Amino acid sequence: AALAEGAGEEIVGKVTYAVMTVTNGETFEGEWVLIQRPPDLRLEFSGKEDGVEFRTILINAGDKSYLCVSSAGQESCFETEEAEADTSLLAPLFDVLREIAEDIGSVEIINRSQQAIAGTNATCFTVSSTLASLGEGEICFSQDGLLLYLRSRVEGARSTFEATSVSLEVTDKDFEPPYDIATAESGIPTPP
């Protein structure tokens, strides 16, 4: 419970995940990057949709929020107050951590093991739970509390997040918009 609570909130670090989700027979494979230095947060999602590569970046740092989109050769960032709300895109990752921290009694640990994930020592728990976002699965944390691996299966939906790189070094540059800041006369674009 302590590891799950820490991974979702207070830890400083940068983790890149290979992600695969299968929901209603549809598969998504991509890469997610989570950079956090509370209260600053940067989330990146990249993959392909309808054969077109996309990258969506949400940045909340200081008193600034940005939504950055790259798709079909076009790259733009927009300053917005809406980026914080859009962190709900990480729900599959953070909901599990929040639920474990709030209701550890619903999680039965079947096995505990040690593994190396992305060059980092991890403690892994194979679990069976009644939690809505975990079900049967496996979850691994670094000694510092970074989430390194999550596999869950709930009611026909399954997802896997596996760290491919891990760093505890986070700088101000990590929270700078990567593209030119544009004005959005017709509103903020919706990320894919």
Side-chain angles (χ1 to χ4, degrees), residues 7-8 11 13-37 40-61 65-80 82-98 117-120 122 132-142 146-167 170 173-182 184 186-192:
I11 295 168
K14 183 186 311 185
V15 183
T16 301
Y17 298 96
V19 177
M20 189 206 48
T21 61
V22 179
T23 308
N24 300 324
E26 292 189 27
T27 301
F28 168 80
E29 292 185 60
E31 183 177 87
W32 289 15
V33 179
L34 169 63
I35 304 172
Q36 60 183 24
R37 182 183 64 188
D40 299 337
L41 182 67
R42 176 176 173 148
L43 311 172
E44 295 186 27
F45 312 91
S46 60
K48 279 189 178 180
E49 186 170 307
D50 298 327
V52 177
E53 291 188 9
F54 72 89
R55 181 178 183 204
T56 301
I57 302 168
L58 305 169
I59 300 171
N60 291 307
S65 292
Y66 300 95
L67 169 61
C68 303
V69 180
S70 171
S71 181
Q74 297 186 355
E75 300 173 334
S76 297
C77 287
F78 301 86
E79 189 170 345
T80 176
E82 298 175 20
E84 187 167 350
D86 288 338
T87 60
S88 62
L89 293 169
L90 263 187
L93 194 58
F94 285 142
D95 282 356
V96 171
L97 303 174
R98 181 184 47 76
I117 301 172
T120 304
S133 57
L134 182 57
E136 305 292 322
E138 184 175 14
I139 191 164
C140 303
F141 297 95
S142 72
L146 287 170
L147 177 68
L148 299 178
Y149 182 82
L150 172 66
R151 175 181 46 83
S152 66
R153 179 185 292 269
V154 182
E155 296 178 6
R158 56 191 167 93
S159 58
T160 304
F161 298 80
E162 182 170 2
T164 57
S165 71
V166 177
S167 173
V170 176
K173 188 169 176 64
D174 290 316
F175 303 101
E176 294 175 2
Y179 315 129
D180 290 338
I181 297 175
S186 59
I188 301 297
T190 303

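All figures in this text were calculated on a predicted structure; none of them were measured in a lab.
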[X] versus [Y]: any side-chain heavy-atom pair under 4.5 Å?
{"X": "Val166", "Y": "Lys14", "answer": "no"}
{"X": "Tyr149", "Y": "Phe161", "answer": "no"}
{"X": "Ser70", "Y": "Tyr179", "answer": "yes"}
{"X": "Leu41", "Y": "Leu34", "answer": "yes"}
{"X": "Ser76", "Y": "Asp180", "answer": "no"}
{"X": "Val19", "Y": "Glu29", "answer": "no"}
{"X": "Trp32", "Y": "Leu43", "answer": "no"}

When rounded to the nearest 0.5 angstrom, what distance separates [atom1] in [X] from [atom2] in [Y]?
{"X": "Ser71", "Y": "Lys48", "atom1": "OG", "atom2": "NZ", "result": "12.0 Å"}
{"X": "Cys77", "Y": "Glu176", "atom1": "SG", "atom2": "CD", "result": "11.0 Å"}
{"X": "Glu162", "Y": "Glu138", "atom1": "CD", "atom2": "CD", "result": "9.5 Å"}
{"X": "Leu146", "Y": "Cys140", "atom1": "CG", "atom2": "SG", "result": "12.5 Å"}
{"X": "Lys173", "Y": "Ile35", "atom1": "NZ", "atom2": "CD1", "result": "11.5 Å"}

For [X] against [Y], the heavy-atom pair lying closest together:
{"X": "Pro178", "Y": "Cys68", "value": "CD-SG, 3.8 Å"}
{"X": "Val52", "Y": "Ala72", "value": "CG1-N, 3.9 Å"}
{"X": "Thr120", "Y": "Ser142", "value": "CG2-CB, 3.8 Å"}
{"X": "Ala61", "Y": "Phe175", "value": "CB-CB, 3.7 Å"}
{"X": "Ser159", "Y": "Thr21", "value": "CB-CG2, 3.6 Å"}
{"X": "Ala163", "Y": "Ile117", "value": "O-CG2, 3.7 Å"}

- request: Mind running side chain to side chain contact (heavy atoms under 4.5 Å, CB included) on Thr27 and Met20 for me, showing each step along the way?
  value: CA-CA 7 Å; Thr27 301; Met20 189 206 48; 4.1 Å; yes
task: Could you walk me through whether Thr56 and Leu67 pass side chain to side chain contact (heavy atoms under 4.5 Å, CB included), step by step?
output: CA-CA 7 Å; Thr56 301; Leu67 169 61; 3.9 Å; yes
- prompt: Are Glu44 and Arg42 ion-paired here, with the side-chain N under 4.0 Å from a carboxylate O?
  reply: yes
- prompt: Sub-3.5 Å donor-acceptor pair from the side chain of Tyr17 to the main-chain atoms of Leu147, do we have one?
  reply: yes
- prompt: Is the closest side-chain donor-acceptor distance between Thr164 and Thr16 under 3.5 Å?
  reply: no
CA sep, side-chain torsions, deciding dist, call: Phe45, Ile57, side chain to side chain contact (heavy atoms under 4.5 Å, CB included): CA-CA 7 Å; Phe45 312 91; Ile57 302 168; over 6 Å; no
- request: Evaluate whether atom CD of Glu75 has more than 12 neighbouring non-hydrogen atoms of other residues, nucleotides or ligands under 6.0 angstrom away.
  value: yes
